[in-house]
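A note on names: the letters A, B, ... follow the listed sequences, proteins ahead of strands, and every chain is numbered from 1. Worth knowing before you read on, the calculation uses all heavy atoms, side chains too, and leaves out hydrogens, waters and symmetry mates.
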Amino acid sequence: MSWLVVLPLPIPALDFSPPHGFSGDLPLGHRVVVPWQGGIKIGIVVAAGQAHTHRLREVIQVLDPWVHPSLITTLKAYETLSGTPLGLLYCDAITCGWEPHLKHLVRPVEGTDLSLFGLELPTDWSTAVDSPVALDQVREQGLLEERFEFPIRTELAYRGLLDGKDNLTPKQKHAWKTLLTIKEAASLAEWARNAEVSTSVVSGVLARGWAEAFERPAGPPECVPIMERNLKKAEWDIPQSGVSRLHGGHPIERFQHLKTLIEQHLGTGVMYLTPDNYRLERAWQALSHLGAQCYSGSLNPLQRDHIWQQVREGQCRMVIGTYGALALPFPDLSMIILEEEGSDAYKLLSGSKMYMADLTATLAHQRESLLVYTGSVPAVESLKVPGTVLAPPPPRVHVVNYAEGSSQPETGPLSMQHMKPALEGYPLSQDLRKVLTQVAERGRQAVLFAPRKGYSALIRCRSCGYIPFCKHCDVPLKFHQGTRLMQCHQCGYREGPPSTCPKCRGAIWQPKGPGTEWILQETRQLLPGFAVYRYDKDHQDDLRPIYEGHPGIVIGTQALLQEKAPPELALISLTLADSWLGHSDFRTDERYHKLLRQLLEWHPRKSPLLVVQTFQALHPALLAVTEGKPADHFPLQDLGRRELLMYPPYSLLAQVEVASRDKARSESVAEDIQKHLTARGADAEEVLGPAPAPIGKIRGLFLTHLLLRATTQERLKTLLTHMDEERWKARVRIEINPRSANF
DNA sequence: AGCACGCCGACT
DNA sequence: GTCGGCGTGCTC
């Protein structure tokens with residue numbers, strides 16, 4: 001009997017035979033070392049294989065149990081539905097343990113001479129030296145014995161020495177003394193931080209021989225000090241089993257409720273998942289005193305490994321973490337709490353495109369764990385489960401109605417003469433200017449959210465309206481003031497703005513659609529001398545003064561929302577809320593509503609004023625918030641629309657993406673798929689499209705979309721199976737439960 | 001993913 | 001004539 005082994009590669013699971021002389025049960029969920037393309041690789045045993053006639057290679061060694069069998073079942077179900085190679089799913093779901101630092105020991109089988117193969121090995125165990133291909137040859141001949149060991153883990157650290165070779169400068173001397181006081185530093189950066197000098201100073205000390213690097217056994221991860229917060233116990237109808245939800249109110253209130261629940265499950269395993277780091281930190285501060293560990297992408301591999309083992313051994317019974325924590329091998333897991341279950345952050349951007357919230361639900365079901373959704377707003381999809389919605393705190397929102405009898409401004413300040421009063425000062429309204437000035441006068445902090453990085457969404461020729469587009473993608477180039485270049489936010493292509501319009505020779509370019517740079521410029525003009533920072537993907541100012549509580553204004557994109565709120569935050573503004581409504585996909589409104597609620601509870605204690613500048617002041621999502629409606633009011637409204645349109649939760653979706661360098665081919669293959677499915681009995685409600693993707697061309701690839709919609713999982717599976725019946729003449733990818741779909 | 005093989009266009 | 005683009009296929 002062979003074993004099915006998953007490798008961290010975008011391929012299906014493959015068969016291997018058990019190691020020579022192996023007797024025992026199938027090591028389901030164990031890590032194994034297997035030969036792979038001349039070298040070796042770590043894999044996970046996921047099933048018994050079908051005994052092929054195919055000549056298989058042997059697993060070299062079984063290492064240790066790594067995942068719980070329920071995870072294997074869960075991922076298998078996802079593979080069956082989506083057709084994604086299992087390796088890709090494992091690679092994305094299991095964020096630790098694929099590259100253990102193993103000591104590789106080898107020796108020839110007794111009485112064999114390996115010099116024929118160009119290998120000179122001692123007869124007794126020795127560390128394998130670098131000739132993986134030659135090793136693999138003798139391995140395949142069965143002439144090699146091998147063993148892998150986990151060495152004692154070490155990490156590099158620095159310590160001070162009592163004398164060195166060269167003299168030190170005063171600063172270096174200070175750094176040296178600091179190091180002697182703290183005894184050891186885990187990195188140069190940590191040492192420098194402690195001494196409050198730059199890293200060049202500490203490396204100077206190192207170079208002059210007053211300190212040395214040394215290996216030390218790797219300890220557990222540094223633990224953030226636990227902040228004991230006295231959470232009151234809240235009374236509520238505690239769910240006993242199945243799925244339930246708890247939303248709304250103030251975050252602290254929700255934690256109070258959850259604490260009561262968590263305490264009942266502490267002995268039997270609790271997992272608390274958050275969509276991002278700021279919410280991780282918030283949950284950590286509220287709940288870590290219950291004895292939780294933290295697990296997230298920001299830990300280093302050693303730290304992750306440490307938590308993984310602790311959880312496996314049952315020494316750690318509660319973990320607060322981001323999506324990667326889902327695969328942790330809890331021997332018992334009686335409850336999973338999923339914060340902000342409808343967050344797009346759970347959609348993996350990498351190959352598998354898994355929606356981790358779906359995976360969480362499947363896993364909870366598999367393990368019969370209690371599943372609790374929590375957060376500011378329930379997802380429209382989770383309204384069907386029983387739950388509690390806490391009363392919202394009074395909202396502090398001011399809406400600037402740009403639409404007051406006017407049309408959207410065509411350009412920046414240049415054409416202000418035609419503007420209605422509301423638009424005066426665009427992109428910073430008079431109202432916003434007023435409160436910003438107050439913030440500065442009172443020495444407080446503010447955050448302005450701009451819809452995009454760069455200066456403007458596009459530039460346009462004033463006389464003929466020509467807009468420069470990217471060569472490779474179907475998007476306008478965004479203008480960046482810092483570099484004075486036009487840049488594509490899809491593929492990164494850059495070029496200088498043309499001096500005259502290539503169409504009409506006009507020489508005046510008008511920016512449209514303010515970005516961080518534009519807002520920054522306006523803010524600096526409004527408040528000369530006041531600290532103004534920029535934070536987006538291109539450019540991150542050092543925000544330390546802000547986090548230390550110094551006055552200032554931060555201009556950023558939504559990326560900023562994944563960080564914690566500035567401590568003295570008095571004002572938040574969406575400078576152009578409409579940009580969150582610009583997409584034509586069915587979750588847009590829900591997303592906007594969630595953003596507003598999230599902004600209102602961003603700061604854990606204060607409630608800063610939220611200024612929303614918009615052309616759609618009567619948008620129902622905005623009204624639900626300003627009128628103080630409960631958190632589920634808008635989602636319930638949206639649910640009705642979803643039913644009419646037969647969107648989730650009333651159906652399951654799969655998006656089919658056809659990509660080709662040739663536009664006509666991309667379209668025709670999509671049509672072929674549509675016809676094929678129709679011929680197989682799919683109706684017009686089940687196959688939507690084809691239509692060009694929201695961005696019809698990316699990096700020279702033309703993208704065409706189809707949307708498959710089914711009422712049951714079985715039906716969706718059937719439709720997807722029909723797609724495998726033919727070989728399409730273009731790249732076809734399927735995404736289960738896409739988070740955006742434009743039909 | 002990597003790495004092979006294999007087929008067409010533009011160059012020393 | 002070769003170099004090198006990337007499309008396709010395989011890994012057990």
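Atom CZ of Arg665(A) is separated from atom P of dG7(C) by 11 Å (rounded to the nearest Å). Residue Leu7(A) contributes atom CG, which lies 14 Å from atom C1' of dC10(C) at whole-angstrom precision. The distance between atom CD of Glu58(A) and atom P of dC12(C), rounded to the nearest whole Å, is 14 Å. Summarising the geometry, the separation between CZ on Arg55(A) and P on dT11(C) is reported as 10 Å, rounded to the nearest angstrom. When rounded to the nearest whole Å, the span between CH2 of Trp98(A) and C1' of dA1(B) equals 13 Å. The nearest whole Å value for the distance from the CH2 atom in Trp36(A) to the C1' atom in dG2(B) is 10 Å. Regarding Leu9(A), its CG atom lies at a distance of 15 Å from the C1' atom of dG9(C), rounded to whole Å. Arg731(A) places its CZ atom 16 Å from the P atom of dG9(C), with the value rounded to the nearest Å.
Distances from the side chain of Gln37(A) to the nucleotides dC12(C), dG2(B), dA1(B) place dG2(B) closest. Nearest nucleotide to the side chain of Pro10(A), out of dA1(B), dT11(C), dC12(C): dA1(B).
Side-chain contact between Leu707(A) and Val656(A) is absent, with no heavy atoms from C-beta onward closer than 4.5 Å.
Listed for the Glu58(A) side chain is a donor-acceptor partner under 3.5 Å among the backbone atoms of His20(A).
Between Phe22(A) and Trp3(A), a ring centre-to-centre spacing shorter than 6.0 Å is recorded. Centroid-to-centroid, the aromatic rings of Trp125(A) and His104(A) stay 6.0 Å apart or farther.
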